[in-house]
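Below: one structure, written as C-alpha cells.
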2 protein chains.
Amino acid sequence: MDRTGTGRICDDLTARQRQVLRLLVQEYVASASPVGSGTLLRQGQMGVSSATVRSELALLEELGYLHQPHTSAGRVPTTKGYRYYIERLMDNVELPAPHRMMIGHQFHQIRLNMDQWLQLTAAVLAHTTRSASVVTAPHAAHSRLKHIQLIATHDTLVLMVLVLQDGSVHQEMLAVDEQVTQDRLSVLTSQINDLFRNMTADEIRDEIAHEPPLVTGWPARVVEWFASRMQEVDLRTVDEIYQAGLANVLEQPEFEDVAAFRRLVDMMEQRQRLEVVLARTLTANGVQIIIGGERPIEEVYDVSLVLSPYGIREKASGVLGVVGPTRMPYAHVVSTVRYVARMMDGLIDEVYGEPSA
Amino acid sequence: MDRTGTGRICDDLTARQRQVLRLLVQEYVASASPVGSGTLLRQGQMGVSSATVRSELALLEELGYLHQPHTSAGRVPTTKGYRYYIERLMDNVELPAPHRMMIGHQFHQIRLNMDQWLQLTAAVLAHTTRSASVVTAPHAAHSRLKHIQLIATHDTLVLMVLVLQDGSVHQEMLAVDEQVTQDRLSVLTSQINDLFRNMTADEIRDEIAHEPPLVTGWPARVVEWFASRMQEVDLRTVDEIYQAGLANVLEQPEFEDVAAFRRLVDMMEQRQRLEVVLARTLTANGVQIIIGGERPIEEVYDVSLVLSPYGIREKASGVLGVVGPTRMPYAHVVSTVRYVARMMDGLIDEVYGEPSA
DNA sequence: TGTTGGCACTCGATGCTTGAGACTGCTAAA
DNA sequence: TTTAGCAGTCTCAAGCATCGAGTGCCAACA
C-alpha cells in the first residue's frame, strides 16, 4: 500500500504523523492532561524540532484526530484519534507473563459454581485493569430443555425450575386456582419431561399447537405457562449481568467531575442500554472496542468499553469486558480482556463442550 | 419524667432545645448547608430572639449534638444530633397516600418471579427515596430440603439443583472421575429425595454420619457433596443482594466530593462488610437506622442506612432498605422503607405462609 | 434568672488583578 | 522542508480586598 515511497503508508497519514499520534495518545493516557509539542519531544526521540511537531499537530487536528481544549493548551485525542490509534498504531501484545500468572492463580482453586465463576471473573477483570467490569452469564440462542421440575410450595402455588441445555437454571412461581398435590405435580413433571426434553422453545410451541392436549384443567395451564416461560427465556439475548470495580474508575482524574461519573454509573445501571451494547458483542468475533462518542453510546463521550465474547457460539456464550474512561491503556486492557475471555472459553469448553463419549 | 416543670422533658434537653434541634436538622436536611440562628428564626416561629437561639445552639454544641464547621458558619448536626432527632424528635408518620398508591401501582401486574420482585423492590425503593437501595433475597435460617435434582450435563459432570423450603434454588456442578449416566443419576436423585426430604442440613449431616452408607463409589461422593453444599447454604445469612439507584445519590451535594462518594460505592461493593450490616438487621425488629460514623460503619461518616427486615422469621426473611447521605429526609425514608417492607411481608406470606389446608 | 438588642469580630466565599508558564501559530532564514 | 525565534493567547494559581452570614459577649431589661 506504500504507494508514494515517502513514508505514506496505507492511505492517509505519513509515518511521522502516525508516530506523533501514537506518542501523543500514549502520553495522554499516561498523564491525563493535554500534550504539547514540548512534552512530545521530551518523550520520544523523533529527531525533529518542536516546530515541526507543531505543524504536524496542527495538521492532525485539521484531519480530526486531535482536539485542542483551548488555544494555549496541548492536544487531546478525539474519538477518531483513539479509533485510529487502536486499529493501526497500538502494539497488540500478549498479556505479560506476570499478569497471566496472577489471573491464572486467582482462577484456580474455585469450585464449579457458575455464579461464583462469573463473580470472580468480574472481580479479576476489574482488578487487573483498575476499571469497572461487566460479565454476562453464558447462554445459548435456542437452548433445548434439559429438565423441568414442578414443586408444590403451597396449596395453590407451583414452583417451576427449568434447566436448559446451556446450563442455565430458571425459576418462577405460578398461582393456580385449585389445590395441587406434589403427587400430581410429579406426574406432570414426568409427562412434560418425557414429551419435551431436548426440544427448543419453538419446537415445544409447535408440539403443543399440533398435538392433542396432554392434560386438561389446571395442569393444562401449567403446561401453557411452561411453554411461555421457555419462549421468554429463549428470546433473552443477555441473561444475568455481573459487575464489579465501579469504585476503581473513581480514581481516574476525569471522573473528578461528578457529572462525568454519573454518565458512567447510568451506563452501568441502565440494563436495557447496556444489554444492547453487550448483545452486539455477543455475535462479534474477538475483542470489540466501543469508544465513548461512537455509535451505540454517542452521548457518553468519556466512557469506553472493551468487550469480548466468550464460550461456544450456539451452545453457551456470553460477553465479558471492561468499562472505563475513554483515556484508557487500551493495549493492556485489550490483552487482559482477551486473555480472560480465553480462560473462560476453556472453562465453558470443559463444562459444555462435546462429550468424549 | 417532667421533674422540673420548666419544660425539661425526659432527661436532658429542654423543650426549646429540642425544638431548636428539630428545626435545625430539618433545615439542614433541606438546604444542605450549615444553619445559623437567623435562618432558624425565619424558618419556624419560636417567639424568641436570635440571641436566645444562639445561646441554645452554643449549648447544644457543647452537649455534642451540633458541630460548627468554622467560627463564622452555622451549625450542622453531629451523629449524636441525628440520633436524637431520629429517636425523639422526628414525626413518625405513615407514608402519604399518593406515595403509597404509586408504590402499590408499581408492584401490581408483575408475575410471581422472585428475582423480578426483588429487582423491582430495589428499583422502587431507590426511586421513591431518591437514594441507593439494597434488598436481600428471602432466606430461612435452617431451611429444609424440598427437592434435589441431579442432571448429567457432560459425561463426567453433574449439575445439582437444590430447592429448599424457603423457596431458594441453588445450583452447582461437580466433576466426577468416572462416566455418569442420567439413568444412574435419576435413581440417585430419587434416593436422596426419599431419604433427606424435609431435613435440615444438620439433620442430613447426622443421618449420613450414623446410617450405613447409602451408596459407594462416585455416588457416595455426590451425596457427600450434596450434604456439604446444604451446610454451606445453611450457614449463609445473606443470600443474593440486589442494588439500585446508585446514580441517585450522585445528585446530592455532599457527593460533589469524589472521595465521599467513593466511600459509599465501597460500602455497596464490599459484599462482606455490607453483609455484616444487613445481617444485624435480619434479626432486628422494625426499621433500623444506621447513621454514618456509628458502630458498624464508623469510617463511613457521610453515609446512613435505613433498613428493615421483611418476611416471616425462621421461614423466609430478608432485609431491604436505603443507602444514602447522612443528611437524609429520615421521616420520609423510614416510612417508605417500612411501607415497602410491609408490602413484601404480604408477598412472602402469600408465597410461604401457612397453607390453609 | 432568663431574655434581648447591640456590637465587635471571625472566617469562608467571591471576585478581581496579576504574573508565570505552557503552548500556539507565524515568519523568515537555513 | 525544516527550524529558530518571537509575539500572542489563554489557563491557572496566588495574592488581595471585600462581603456577609454568623458568632460570642455584654450590659440592660422583664
Side-chain angles (χ1 to χ4, degrees), chain A residues 4-8 13-17 19-21 23-24 27-28 30-63 65-78 253-254 256-257, chain B residues 4-8 13-21 23-25 27-28 30-63 65-78 253-254 256-257:
Chain A
T4 64
T6 62
R8 192 177 282 273
L13 300 186
T14 65
R16 195 168 64 200
Q17 282 160 358
Q19 191 195 6
V20 167
L21 182 53
L23 272 172
L24 187 135
E27 179 58 25
Y28 180 64
S31 73
S33 48
V35 181
S37 54
T39 324
L40 232 37
L41 272 194
R42 251 171 280 129
Q43 229 31 22
Q45 40 273 55
M46 47 176 67
V48 290
S49 75
S50 72
T52 312
V53 174
R54 273 204 294 281
S55 64
E56 296 289 33
L57 287 174
L59 192 65
L60 283 169
E61 181 169 13
E62 205 174 314
L63 291 171
Y65 294 103
L66 300 178
H67 167 73
Q68 201 171 18
H70 56 264
T71 327
S72 70
R75 268 35 179 239
V76 163
T78 59
E254 43 264 78
E256 290 284 302
D257 176 23
Chain B
T4 63
T6 61
R8 193 177 281 274
L13 301 186
T14 65
R16 195 169 63 200
Q17 280 160 0
R18 292 152 65 94
Q19 191 193 7
V20 167
L21 182 54
L23 273 172
L24 187 135
V25 171
E27 179 57 24
Y28 180 63
S31 73
S33 49
V35 181
S37 55
T39 324
L40 232 39
L41 270 193
R42 252 170 280 129
Q43 233 25 29
Q45 41 274 49
M46 47 177 67
V48 290
S49 76
S50 73
T52 312
V53 174
R54 274 204 296 281
S55 64
E56 295 289 33
L57 288 175
L59 192 65
L60 284 170
E61 182 170 10
E62 205 174 316
L63 291 171
Y65 294 103
L66 301 179
H67 168 72
Q68 202 170 17
H70 55 264
T71 325
S72 70
R75 267 36 179 239
V76 163
T78 60
E254 42 265 77
E256 291 284 303
D257 175 22

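Here the structure is a predicted model, which is why all the values come from computation and not from measurement. Numbers restart at 1 for each chain; the letters A, B, ... are given by sequence-line order, proteins then strands.
In plain terms, the two heavy atoms of B/Pro77 and B/Tyr28 that are nearest each other are CD-CD2, 3.5 Å.
Close approach of DNA chain D to chain B, defined as any atom under 4.0 Å from a non-hydrogen atom of the protein, starts and stops at D/dA21 to D/dC25.
For the atom pair CG of B/Leu13 and OH of B/Tyr65, the computed distance is 4.5 Å after rounding to the nearest 0.5 Å. Atom CG of residue B/Leu23 and atom CG of residue B/Leu40 lie 5.5 Å apart, to the nearest 0.5 angstrom. Considering CG of A/Leu24 and OG1 of A/Thr39, their distance stands at 9.0 Å, rounded to 0.5 Å.
Comparing the end axes of the helix from C/dT1-D/dA30 to C/dA30-D/dT1, each fitted to five base pairs by superposing C1' atoms of four pairs onto the next four, gives an inter-axis angle of 30° (nearest 10 degrees).
Applying the salt bridge (Lys or Arg N to Asp or Glu O under 4.0 Å) rule to pairs touching residues 41-51 of chain B yields nothing, sequence neighbours excluded. Among residue pairs with one or both ends in residues 66-75 of chain B, those qualifying as side chain to side chain donor-acceptor pair (under 3.5 Å) are B/Glu61-B/Arg75; sequence neighbours excluded.
With sequence neighbours excluded, the residues forming a side-chain hydrogen bond (donor to acceptor under 3.5 Å, both in side chains) with A/Glu27 are A/Gln43, listed by chain and number. Residues passing the side chain to side chain contact (heavy atoms under 4.5 Å, CB included) test with A/Ala32, sequence neighbours excluded: A/Pro253, A/Arg327. Every residue was checked against the side chain to side chain contact (heavy atoms under 4.5 Å, CB included) condition with B/Glu256, not counting sequence neighbours, and none meets it.
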Its contact letters, B for base, S for sugar-phosphate only and - for none at protein heavy atoms under 4.0 Å, make nucleotides 22-29 of chain C read BSBBB---
Do any side-chain atoms of residues 51-59 of chain B form donor-acceptor pairs under 3.5 angstrom with protein atoms, and if so which ones, sequence neighbours left out?
from	atom 1	to	atom 2	distance (Å)
B/Thr52	OG1	B/Ser49	OG	3.3
B/Arg54	NH1	B/Ser50	OG	3.2
B/Ser55	OG	B/Thr52	O	2.8
B/Glu56	OE1	B/Gln17	NE2	3.3
B/Glu56	OE2	B/Arg16	NE	2.8
B/Glu56	OE2	B/Arg16	NH2	2.9

